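Letters go in sequence order (proteins before strands), and every chain restarts at 1. What you are looking at is a predicted structure, and each value in this text was computed from that prediction instead of being measured.
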2 protein chains.
Amino acid sequence: MNVVNESPRRKELTRLAAQLFVQEGFDRTTVRMLAQEMGIKSGSLFHHFRDKQEILAAVIEEGTQNALALARQALEECGDSADERLHAMARAHLQTLLTDRNAHVVALYEWRRLDAASRDHLSHLRDAYEELWERVIDEALEAGLIHGDRFLVSRFVMGALNWTVRWYDPEGARKPEDLAHELVAMITTSAHTPPGQSTKV
Amino acid sequence: MNVVNESPRRKELTRLAAQLFVQEGFDRTTVRMLAQEMGIKSGSLFHHFRDKQEILAAVIEEGTQNALALARQALEECGDSADERLHAMARAHLQTLLTDRNAHVVALYEWRRLDAASRDHLSHLRDAYEELWERVIDEALEAGLIHGDRFLVSRFVMGALNWTVRWYDPEGARKPEDLAHELVAMITTSAHTPPGQSTKV
DNA sequence: GGTTTACACTAGCGCTTGCTTGGTTGATCT
DNA sequence: AGATCAACCAAGCAAGCGCTAGTGTAAACC
């Protein structure tokens with residue numbers, strides 16, 4: 001058994017699994033379906049993963065790691081103003097949500113199918129990501145860019161963003177950057193800002 | 001078979017099913033588990049429901065009907081101002097989300113497990129509900145209470161609200177009305193709210 | 001040149017699933 | 001007193017499930 005390593009083959013299989021999990025749901029996706037999609041027989045699957053659970057964990061881990069990396073990068077590359085950092089986070093969030101869409105949909109919908117051990121491990125990853133958000137929200141609060149309870153605001157914002165996977169159409173006219181801009185405009189107290197930056201109350 | 005009617009017994013069974021579906025997920029909930037929770041044998045279940053799918057549809061229909069009724073009532077009872085109507089909708093939304101929590105969580109997470117026929121029927125119900133929201137959002141836009149794209153704003157708002165089922169703790173200090181107030185305060189351009197509470201820890 | 005490793009195969013075990021069948025019960029109605 | 005009917009039960013079927021065991025094979029390593 002392979003199981004521990006992160007072979008490129010395993011990564012490819014994980015990507016395919018994510019797609020099937022989205023299409024059918026975790027429980028309805030059988031190891032035989034997974035194997036067929038991967039072009040191998042069902043028994044061969046267990047060379048790459050200890051069991052079906054581990055495939056689910058791999059899918060979610062992959063997506064979350066990418067999101068975390070992208071968000072960190074975005075924060076490093078953007079300017080120092082609270083406004084810019086807020087935009088950067090929103091843009092990064094929506095970008096992963098769309099490029100790694102399958103993995104994130106799985107993380108959203110199938111989280112509870114994880115066994116205790118995987119859930120524990122992955123929730124640490126997720127917490128690390130959410131901490132990034134809360135820090136940026138805090139900065140925006142201090143800068144007077146937004147107002148309200150930091151806990152509630154960050155929850156509302158993440159809800160609004162995560163909900164996009166349910167209705168966003170990648171083929172449509174709206175681009176991820178447009179969504180990010182509109183979302184930030186909605187929550188900042190500085191009224192409607194068509195082109196440039198925003199001012200304060 | 002019963003199947004068509006809406007006997008009180010069936011309603012009670014639907015309530016129990018909702019609870020189990022939340023606990024275990026639809027696919028993992030077996031008809032035997034459902035039957036045991038209901039104090040009957042698995043075969044008897046099919047006297048009340050044509051098949052397992054129909055139980056899921058019943059759970060979701062129940063929740064959505066209640067939400068629709070409550071929202072309509074809230075809009076009738078509240079004042080005419082855009083602000084009041086926005087508050088009323090948010091409050092009503094959060095109220096159903098909490099009183100009928102199980103049914104709504106099921107609707108959120110297990111929507112895709114519905115067969116085509118049920119999905120079609122139920123999506124009409126859901127559309128009716130979302131139209132209420134969009135109308136109120138439109139009024140708020142016209143009144144200058146909020147700004148932005150009507151489609152995006154209503155999506156963001158519903159996302160923020162629906163996401164609450166993932167983190168809201170009914171035992172905690174925050175009341176549904178507080179959440180509603182904070183949400184409305186966040187999206188309205190009129191800065192941080194004058195009366196009552198704006199921040200809470 | 002022999003051994004190890006990675007990856008795939010076939011065959012099938014033991015168990016659970018949604019659902020059906022045929023029949024029983026007890027209350028209500030005529 | 002007889003008929004009706006919703007509500008339930010015991011038993012079980014056919015299909016499908018995750019996973020294991022054992023084997024084959026080509027490339028990589030010593």
>> Between the side chains of A/E12 and A/R15, is the shortest nitrogen-to-carboxylate-oxygen separation below 4.0 Å, so that they form an ion pair?
In response: yes
> Over how many whole Å does the gap from A/R10 atom CZ to C/dA6 atom P extend?
Replying inline: 14 Å
> What is the distance from CG of A/L34 to C1' of D/dC17, rounded to the nearest Å?
Replying inline: 13 Å
> Can you check the B/Q53 CD to C/dT17 P distance for me, whole Å?
Replying inline: 17 Å
>> Parallel, tilted or perpendicular, judged at 30° and 60°: which one describes the rings of A/F151 and B/W167?
In response: perpendicular
> Can you tell me how far P of D/dG16 sits from NZ of A/K52, to the nearest Å?
Replying inline: 15 Å
> B/E61 and B/T64: side-chain donor and acceptor closer than 3.5 Å?
Replying inline: no
> Can a salt bridge be assigned to the pair B/D149 and A/R174 using a cut-off of 4.0 Å between side-chain N and carboxylate O?
Replying inline: yes
>> If I take atom CG in residue A/D51 and atom P in nucleotide D/dC17, what distance separates them, rounded to the nearest angstrom?
In response: 17 Å
> What is the distance from CD of B/Q36 to P of C/dT16, rounded to the nearest Å?
Replying inline: 14 Å
> How many Å lie between CG on A/L45 and P on D/dT20, as a whole number?
Replying inline: 12 Å
>> So if I define the base as every atom that isn't primed, P, OP1 or OP2, how would nucleotides 8-13 of chain D read as a B/S/- string at a heavy-atom cutoff under 4.0 Å?
In response: SBS-B-
> In whole angstrom, what separates B/F46's CZ from C/dT20's C1'?
Replying inline: 9 Å
> Does A/W133 have any side chain to side chain donor-acceptor pair (under 3.5 Å) partners at least two apart in sequence or in another chain, and if so, which?
Replying inline: A/H93, A/Y129
> When you check the gap from the basic side-chain N to the acidic O, do B/R113 and B/D27 get nearer than 4.0 Å?
Replying inline: yes
